[in-house]
Amino acid sequence: MLLTKQQDMIVNTAKKIAKKHIAPFAKDVDEKGETPWGNLKILANNGFFGIHVPEEYGGAGADMVSHVAVVEEIAAACASTSVSLSTQALTIAPFLIAGTEEQKRKYVTPMATGQVLGSFGITESRAGSDVSGIKTTAVKEGDSYVLNGHKIFITNAGESDIYVFVTRTSKERTRGISLFVIEKGTPGLIFGKKEEKMGIRGSVTREIYLENVIVHESNRIGEEGEGFKILMNVFNETRPVVGAQATGIARGAFEYCLNYVMERKQFDKTLHQFQMVQSMLADMAMKVEASRLLVLKAAMMLDNEDPNIIANASMAKCFASDVAMEVTTNAVQLLGGNGYIKDYPVERMMRDAKITQIYEGTNQIQRVIIANQLIAKGIN
Ligand SMILES: Cc1cc2nc3c(=O)[nH]c(=O)nc-3n(C[C@H](O)[C@H](O)[C@H](O)COP(=O)(O)OP(=O)(O)OC[C@H]3O[C@@H](n4cnc5c(N)ncnc54)[C@H](O)[C@@H]3O)c2cc1C
């Protein structure tokens with residue numbers, strides 16, 4: 001038993017809600033390819049958008065362990081729905097790390113209560129893995145800034161009311177980066193095409209154009225030039241959340257698969273009687289369990305403000321998402337032909353799993369980070 005009574009209570013509530021109100025509609029959400037507003041309302045009504053946010057800003061004031069455990073439950077039911085949870089956490093994080101009191105009250109509270117969605121615009125067509133290569137500019141004019149640029153692959157773009165953008169305020173590579181918050185409806189904030197995706201199809205992804213967007217300097221989050229540092233701290237908090245999402249997707253596929261192989265008969269035996277199938281089941285279960293433990297460890301390190309979080313946040317995200325891809329692929333395999341058919345959920349789960357190896361830093365980038373941390377620290 002790893003969780004405290006309070007953490008366990010929160011997770012059990014999430015589990016019941018996810019099973020009863022979210023899982024039955026996951027196929028529908030995938031097919032429609034639209035934001036599942038009904039599901040998001042359920043998350044909001046139960047306070048899931050602000051679990052780890054302090055109470056004074058509309059959250060539940062619980063810890064990161066509770067937060068990641070809830071994300072796993074929602075992702076096990078519907079990955080698309082869980083993306084709004086993780087993206088909200090991503091957008092809230094820079095405010096909690098570096099925002100002013102006024103910014104926290106104005107922007108964090110409506111996101112933590114789930115009244116509105118938030119989006120985070122980092123990626124550009126020529127700057128994905130290399131965030132410091134971004135070209136979007138924020139030029140100071142009096143007490144305002146003028147923003148120009150083009151962001152791609154932004155989750156919930158057009159659906160959200162609050163947007164955080166990573167911009168360049170000087171030519172210095174990492175020290176020239178600054179963050180700004182912009183509200184929907186601001187002149188020059190233009191939403192581009194909606195992407196047709198392989199998975200998480202119930203999560204909307206769009207381009208954003210910033211065309212002479214004028215914002216007051218009070219919309220800057222943190223100091224000028226501090227954006228890259230804030231962003232790296234944001235990722236330390238949000239990569240374990242993506243790890244939790246991946247663990248949930250893997251677990252959802254494993255549980256479905258286990259029930260299936262205990263019913264399906266071939267050669268006058270149920271599939272689970274074959275040793276080769278048992279071996280696959282054991283590997284899948286071990287890996288889901290190991291993913292959860294890595295995610296929980298990273299969450300505990302965040303709760304304890306452990307300065308060694310960088311490598312562990314990357315390990316949790318990288319391992320859990322590789323496991324999600326492997327376990328969902330094996331779940332499809334163990335369902336045979338049915339696994340490949342849309343009437344069975346593992347096909348969707350396999351498509352949903354893939355993105356967790358790509359966003360919030362690809363798994364190659366996570367391995368670079370882990371190795372750099374290991375080399376920098378050595379063995380003490
Ligand atoms: C569905 C979806 C939702 C997204 N949501 C958001 C969002 O809300 N906000 C946002 O800002 N972005 C978002 N992204 C963007 C996502 O974070 C990037 O796609 C991701 O970081 C990879 O960047 P890239 O696509 O430019 O790939 P590239 O950086 O071009 O990488 C291509 C390949 O090269 C590898 N590679 C690159 N550099 C190295 C290196 N140094 N060492 C080894 N391998 C390397 C990569 O691992 C990858 O395999 C989203 C993307 C998708 C698909």
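Hydrogens, waters and symmetry mates play no part in the numbers below; they use all other heavy atoms, side chains included. Not measured: the values here are computed from a predicted model. Ligands are counted one by one from 1 in listed order, and the atoms in each one are counted from 1 as well.
Rounded to the nearest 0.5 angstrom, Gln357 CD and Gln364 CD are separated by 8.5 Å.
The Glu360 neighbourhood of ligand 1 comprises atoms 17 (O), with distances under 4.0 Å to a heavy atom of that residue. The contact set between ligand 1 and Thr362, taken as ligand atoms under 4.0 Å from a residue heavy atom, comprises 22 (C), 46 (C), 47 (O). With ligand atoms numbered from 1 in the order given, ligand 1 contributes 38 (N), 39 (C), 40 (C), 41 (N) to contacts under 4.0 Å with heavy atoms of Ile365.
The single protein non-hydrogen atom nearest to atom 50 (C) of ligand 1 is Phe153 O, 3.3 Å, given as residue, atom name and distance.
Considering Thr123, Asn156, Ile122 only, the shortest heavy-atom separation from atom 16 (C) of ligand 1 involves Thr123. Residue Lys197 holds the heavy atom nearest to atom 1 (C) of ligand 1 of all those in Lys197, Glu124, Lys354. Evaluated by nearest non-hydrogen atom to atom 28 (P) of ligand 1, the leading choice among Gly128, Ser129, Gly121 is Ser129.
Contact annotation: Ile358 has at least one heavy atom less than 4.0 Å from an atom of ligand 1. Distances shorter than 4.0 angstrom do not occur between any heavy atom of Arg367 and any atom of ligand 1.
The nearest protein heavy atom to atom 4 (C) of ligand 1 is closer than 4.0 Å. Atom 32 (C) of ligand 1 is never approached by the protein to below 4.0 angstrom, counting heavy atoms only.
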Working for side-chain hydrogen bond (donor to acceptor under 3.5 Å, both in side chains), residues Glu255 and Tyr260: CA-CA 9 Å; Glu255 287 174 354; Tyr260 184 94; over 6 Å; no
